[in-house]
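First comes the structure, then the notes that go with it.
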Amino acid sequence: MAGEIPDLIAEARAGTGKGAARQARRNGMVPGIVYGGGADPLSIQIPFNVLLKRLKKGRFLSTLFNLKVEGHDDVRVICRGVQRDVIKDLPTHVDLMRLRRTSRVALFIPVEFVNHEKAPGLKRGGVLTVVRPEVELVVTAGDIPDHITIDLEGRNIGDVLHISDVALPEGAKPTIDRDFVIANISAPSGLVSAEAAEAGAAEEEA
C-alpha cells in the first residue's frame, strides 16, 4: 500500500463566479473547484504561497493528495488543471477531481533496488546507473504502492534492467507501452580504461 499521501489544505470559498474568484486572489488565495466522486462541486481556495511551493516541487498533476477542507470529510484528489496568468505564469485557478477507491489514476511510483550485496557485477566494482528512479504507472486509487522493487541478485556488469524485470502490483500497468530501461550495471571507469588499453595493444601487435 501507499506510504503517507501528502495533505493539501484548502478553505471552502463563499460565492462563485469571476467576482468571488478575484476577491480570493486579492486575499492571497488561489480559487479552485473540487468535482467528481459522486458529490456536488465544492468551491475552494488555497493559499497562493502553499500552492506555488507545491507546483515548484514538480509533478503536481500526477500526485495524489489528501484534500482537507474544514467542515468537510477528507477526500483523495488529483489535479486536473492549473490555469496560469499568461504574463506572469503564476497560478490563478486550480481544478481538483475527487477519486473513489476504485478509480484508476496515473502516478509516479519510486523504484527501490534490493540485494546489492548479492550482485556479482557490483562486487567487481560495477556501477548501478539508475535511468528511471520513478516509473509512471496506472494504479487503483485505493491500492497505490509506495514503491516497486528490482532484485539485483545475480546481476553482472553489462546487465540492463527493464520494466519487464519488475513484479508489478496487481492491477498496475506502465503508462509507456514498451519494455523500457530502468537501470543498468556498467563497468567501473578503471576497468573500462584497462580494457581499452588492452584492445589498443592488441591492435598494435596485429
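A cation-pi arrangement is found for R132 relative to F180, the charged atom lying closer than 6.0 Å to the ring centre and inside a 45° cone about the ring normal.
Under a 4.5 Å side-chain heavy-atom criterion applied to ILVMFWY residues, the cluster that includes V181 comprises V131, V160 as well.
Shown here are the side chain to side chain donor-acceptor pair (under 3.5 Å) partners of R22, two or more places apart in sequence or in another chain: there are none. Applying the salt bridge (charged side-chain N to carboxylate O under 4.0 Å, His left out) rule to K118 yields no partners; only residues at least two apart in sequence or on another chain are considered. Taking the side-chain contact (heavy atoms from CB on, under 4.5 Å) definition, one finds that V111 meets it with F113, V135, I148, I150, I182, sequence neighbours left out. Annotation: salt bridge (charged side-chain N to carboxylate O under 4.0 Å, His left out) contacts of D95 (sequence neighbours excluded): none. Applying the salt bridge (charged side-chain N to carboxylate O under 4.0 Å, His left out) rule to D165 yields the partners R155; only residues at least two apart in sequence or on another chain are considered.
The backbone N or O of G37 sits nowhere less than 3.5 Å from a side-chain atom of R98 that would complete a donor-acceptor pair. Remark: the backbone N or O of I87 is paired with a side-chain donor or acceptor of D85 at under 3.5 angstrom. For D151 (side chain) and E153 (main-chain N/O), a donor-acceptor pair under 3.5 Å exists by modelled atom type. Judged by distance alone, the side chain of R76 and the main-chain N or O of L99 form no donor-acceptor pair under 3.5 Å. The backbone N or O of H93 lies less than 3.5 Å from no partner atom in the side chain of R84, so there is not a single donor-acceptor pair. Between the side chain of R13 and the backbone N or O of A24 there is no donor-acceptor pair closer than 3.5 Å.
Residues L96 and R80 have side chains not in contact (no heavy-atom distance under 4.5 Å, counting atoms from C-beta outward).
Across every non-hydrogen atom of L152 and L128, the tightest pair is CD1-CD2, 4.0 Å. Residue P174 comes nearest to L168 through the heavy atom pair CD-CD1, 3.7 Å, listed as atom of the first residue, atom of the second, then distance.
One distance of note links CD1 of I144 with CG of L137; it measures 10.5 Å at 0.5 Å rounding.
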